[in-house]
Every structure is written in structure tokens, then in C-alpha cells.
Amino acid sequence: MNDSTRNAAYTVDCEDYVHVVKFSPFDSGDAGSLIAYGGNNYVVVGACRFQEEDAEVEGMQYKTLRTFQHGIRVDAIAWSPETRLDALPPQIRFCTAASDRKLRLFTSDLQDKNECKTFDGHSDYINDLVFSPKEGQEVASVSDDHTCRIWDLEGNEKAHFGLRSPGMSVCWHPEEAFKLMVAEKNGTIRFYDIITHQIILSLKCEQMPLMSADWCLKNAFKIGAVAGRDWLIWDVTCSSYPQDKRPVHVDRARLFSWSQVNENLFATTGYPGKTTTQLLIHHLGHPQPILTGTAAVGSGLTWHRTLPLCAVGGDHKIFFWVTEM
């Protein structure tokens, strides 16, 4: 597989600039995949199917299930594992972060019931959020206010961890339900025990700024991040320093995300430039990126739950790239 620059395999047209896009990482009980994307003042929840998973689909099928008014730009989205399309009535549940420093929890049956609860407490910009992966009864968020907070679904703050710099990413692994991973801009990644609130483990990348980090679903010992121009990979059984790192983005790297289906596959994005953003898909067995894509001022990065397929938002579009395993 040589390094090839490719147009997106599929695109979906959107009404507005897409600031963030997120596939649901959970099985919703439906054949298709749920995807949510955020614009300047709304969130759209849709369902998609791809020919890679269903021979009867030509290319991709996409259908909007519901548009949720948000009133302010959407900066981050997290899906709840309680989202089920096979329940009666169906339930959609997700949480957003916005530039007014609030979290919003949306719950809908896709008909008459549409609730939105607001969580107040952060005093600065919220960079990332995640639901507890098993029951989905808690949400963790990290912010420029140098805190990580854990909330219940009523918006009560259950825990509060002081950080030494802005919190950039927060991850909760389904096999490690009592640990929370928090990545800070100063290049430190810490794992907290959510029962005792103690730090269990710290990783260092020795460079700044760390912009994004992710915990590998397929191998809980693997952590990846981007800092400066580089991607970095840790094996936490070996060392607190990265086992592997490589400069990949000319200017600065922005996002890091592991594939949901292969522990050696991950994607990184560069900073939105004046015209285009670079998406790179990497395989740990290959010295060069296995796929290079560009999107007009892209933002957000997300992987499909069961396919080696990722999506990036952009100007009135979502772009989808497919790679081999």
C-alpha cells in the first residue's frame, strides 16, 4: 500500500459548517451506524450504511433522524451507551460542549420527547467529554480551566480533578471502567482511579503542546497522542515515555484517533490551514501514512464502529475515507 492522496470515498452535504462529527462507538441495536455532527447552532443525528458492510447499498446511504436546536456553536459531542434504536420507544442520548462553557445532555425518542439538561461548572472552554462506557450514568469533561470533572446525568458534579495545564482529551475504556485517562496540554497524560481519585499512572511526551490523545479500544495498553508536529505512541506496560514517534504534519498536528477495529490503525489531522486540512491515516507496520486526504478547512475526526472508515467535518460537508486493514 503506497502513500496515496485521495479524495474522500463518500461525502454528505450539510446545511452549515461542520465543527465536530462523531460516530456512535456503541451498538445501537440497528443495522446502520449513528453519526452526530454539530454546526453553528444545532446538532444533527443521522444514520448511515456503507457498501463495505452491506452489498445492497451503493456507495453510502445517509438519512437524517433529527435536528436538535442548540442555540450556540457545538464544540464537542459524546454519545451515550444508552442510545438504542431497537428499544420501544427508541432512545437517542448524547452530550455536547459549547463555547459558553456549558455541557448539554440531550435525550430524545425521535418523536415528542426531547429533553435538554444544562450542566454548569466549568469556568473556561471545554475541550472534550465522554460518557462512562458501560452504563452511561456519568459524563467526564476536561477544560482550559485546568480541571477534569465527572457529572451525573442530572448535572451534579461527582468528582473534580485539578490539572496543571488545560485538559485537552478525556477517555474512558470499556475494559477499564474504573480508570479515566486525562491528557493535558503540557504533554502529560494521567490515569485516575475514579473511586479513590488517586493518580495511578503518568505518561510523558516531553514536548508541547499536546493537542489530542486517545486510548486504544482494541488494546488497552496502547495510548496515542499528537504534540507539536508529531504523533506519539505509548505501550504502558513498557515505559512512561513513548515507544514510537514521528513528525507527520508540516505545521502542527491537531487530532489523534485510533481505529475501533484495528490496534495498529490510527488517524491524525493537521491544523486547519488557509485552504485545506490534511487527514493522515497511519498503520504501525508502515513507515509512511497509508492514506492522505484533504478537506476544505476540516474539523473533527471520528472512526466507524466496525469498519476501517473515518470521517472529518468541513464546509457544508462531511467527508468519509475508507482504508484497508
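Donor-acceptor pairing under 3.5 Å is recorded for the side chains of Lys245 and Gln207. Between the side chains of Arg149 and Ser141, no donor-acceptor pair of N or O atoms lies under 3.5 Å. Neither side chain, Asn186 nor Lys204, offers a donor N or O lying under 3.5 Å from an acceptor on the other. Looking only at atom types and distance, the side chain of Ser143 has no donor-acceptor partner in the side chain of Asp124 under 3.5 Å away.
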>> Run Leu110 and Leu85 through side chain to side chain contact (heavy atoms under 4.5 Å, CB included) and show every step you take.
In response: CA-CA 10 Å; Leu110 296 176; Leu85 291 179; 4.1 Å; yes

>> Go through it in stages, so that I can follow the logic: the residues are Arg93 and Leu153, the test is side chain to side chain contact (heavy atoms under 4.5 Å, CB included), and I'd like the CA-CA distance, side-chain angles, deciding distance and then a yes or no.
In response: CA-CA 11 Å; Arg93 176 171 279 164; Leu153 299 188; 3.5 Å; yes

> Can you check side chain to side chain contact (heavy atoms under 4.5 Å, CB included) on Gln260 and Thr306, steps first, answer last?
Replying inline: CA-CA 7 Å; Gln260 303 278 297; Thr306 56; over 6 Å; no

> Given Tyr10 and Phe319, is the ring-ring contact (aromatic ring centres under 6.0 Å, His included) satisfied, shown in steps?
Replying inline: CA-CA 6 Å; Tyr10 313 112; Phe319 303 93; over 10 Å; no

>> For a side chain to side chain contact (heavy atoms under 4.5 Å, CB included) check, start with the C-alpha distance between Ile92 and Trp79, then their side-chain angles and the critical distance, and finish with the verdict.
In response: CA-CA 9 Å; Ile92 297 278; Trp79 281 97; 4.2 Å; yes

>> side chain to side chain donor-acceptor pair (under 3.5 Å), that's the test. Do Asn264 and His283 meet it? Break it down for me.
In response: CA-CA 5 Å; Asn264 293 311; His283 190 287; 4.8 Å; no

> Going through the checks in order, is the side chain to side chain donor-acceptor pair (under 3.5 Å) test met by Ser165 and His146?
Replying inline: CA-CA 5 Å; Ser165 68; His146 294 208; 5.9 Å; no

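Exactly one of Trp172, Phe266, Phe191 qualifies for a ring pair (Phe, Tyr, Trp, His ring centres under 6.0 Å) with Trp215. That residue is Phe191. Each of Thr323, Thr269, Thr302, Leu279 was scored for a side chain to side chain contact (heavy atoms under 4.5 Å, CB included) with Cys310, with one residue passing: Leu279.
Between Asp75 and Ile126 the shortest side-chain heavy-atom distance does not fall below 4.5 Å. A 4.5 Å side-chain heavy-atom check between Val250 and Tyr271 finds every atom pair outside the cut-off. Residues Leu232 and Val226 are not in side-chain contact: their nearest non-hydrogen atoms beyond the backbone lie 4.5 Å or more apart. Looking only at side-chain heavy atoms (C-beta outward), Glu206 and Tyr241 come within less than 4.5 Å of each other. Using a 4.5 Å cut-off on side-chain heavy atoms (C-beta onward), Met60 and Phe320 make contact. The closest side-chain heavy-atom distance from Asn41 to Arg73 is not below 4.5 Å. For the pair Lys185/Met211, a side-chain contact is recorded, criterion being any heavy-atom separation below 4.5 Å from C-beta on. The shortest side-chain heavy-atom distance between Arg104 and Phe94 does not fall under the 4.5 Å cut-off.
We find that Lys317 and Asp315 are not joined by a salt bridge, their nearest charged nitrogen and carboxylate oxygen being 4.0 Å or further apart. Salt bridge Glu184/Arg190: present, at least one basic N to carboxylate O contact under 4.0 Å. The residues Glu138 and Lys158 are annotated as not salt-bridged, no charged nitrogen and carboxylate oxygen being separated by less than 4.0 angstrom.
Between the OG1 atom of Thr83 and the CG atom of Asp30 there is a distance of 12.0 Å, given to the nearest 0.5 Å. To the nearest 0.5 Å, atom SG of residue Cys95 and atom NZ of residue Lys117 are 11.0 Å apart. Note that the NZ atom of Lys179 and the CD1 atom of Ile199 stand 14.0 Å from one another [nearest 0.5 Å]. Note that the CG atom of Leu291 and the NE2 atom of His286 stand 12.0 Å from one another [nearest 0.5 Å]. Separation of atoms CD (Glu58) and CZ (Arg49) is listed at 14.5 Å; rounding is to 0.5 Å. Taking CG of Asn262 as the start and NZ of Lys218 as the end, the distance is 9.0 Å to the nearest 0.5 Å.
Heavy-atom minimum distance, Val142 versus Cys148: CG1-CB, 3.7 Å. When every heavy atom of Arg66 is checked against every heavy atom of Gln111, the shortest pair comes out as NH1-O, 3.5 Å. Closest non-hydrogen pair, Ala36 versus Val43, comes out as CB-CG1, 4.3 Å. Closest approach of Leu203 and Ser239 over heavy atoms only: CD2-O, 4.1 Å. For the pair Ile72 and Ala98, the tightest heavy-atom approach, listed with the atom from each and the gap, is CG2-CB, 3.6 Å. Closest approach of Lys134 to Ala177, counting heavy atoms only: CG-CB, 4.3 Å.
Between the Ser24 side chain and the Leu34 main chain, no donor and acceptor come within less than 3.5 Å of each other. Listed for the His173 side chain is a donor-acceptor partner under 3.5 Å among the backbone atoms of Leu217. The main-chain N or O of Asp152 is never found under 3.5 Å from a side-chain atom of Glu154 such that the two would form a donor-acceptor pair. No side-chain donor-acceptor contact under 3.5 Å links Thr96 to the backbone of Ala76. A donor-acceptor pair under 3.5 Å links the side-chain atoms of Ser299 to the main chain of Val18, judged by distance alone. Using a distance-only test at 3.5 Å, with no hydrogens or angles considered, a donor-acceptor pair links the side chain of Gln243 to the main chain of Asp235. With hydrogens and angles ignored, the 3.5 Å screen pairs a side-chain donor or acceptor of Arg101 with a backbone N or O of Ser123. Side-chain atoms of Asp16 come within 3.5 Å of backbone atoms of Asn40 as a donor-acceptor pair (strictly under, hydrogens ignored). In terms of modelled atom types and a separation under 3.5 Å, the side chain of Ser212 and the main chain of Phe256 share a donor-acceptor contact. At distances below 3.5 Å, at least one donor-acceptor pair connects side-chain atoms of Ser80 with backbone N or O atoms of Glu82.
Checked against the 6.0 Å centroid criterion, the rings of His197 and Tyr192 do not qualify as a close aromatic pair. You'll find the ring centres of His304 and Phe50 inside the 6.0 Å limit. Aromatic rings from Phe68 and Tyr42 are positioned such that their centres are separated by 6.0 Å or more.
Other residues, nucleotides and ligands contribute at most 12 non-hydrogen atoms within 6.0 Å of the CZ atom of Arg164. With a 6.0 Å radius and a threshold of 12 heavy atoms from other residues, nucleotides or ligands, Lys113 has its NZ atom above the threshold. Atom CD of Glu15 sits in a sparse spot, with 12 or fewer heavy atoms from other residues, nucleotides or ligands closer than 6.0 Å.
Ring planes of Tyr62 and Tyr37: tilted class, angle from 30 to 60°.
Under the 4.5 Å side-chain contact rule for hydrophobic residues, Trp234 and Val182 do not share a cluster. Clustering ILVMFWY residues whenever any of their side-chain heavy atoms sit less than 4.5 angstrom apart, transitively, puts Met181 in the very cluster that holds Val236.
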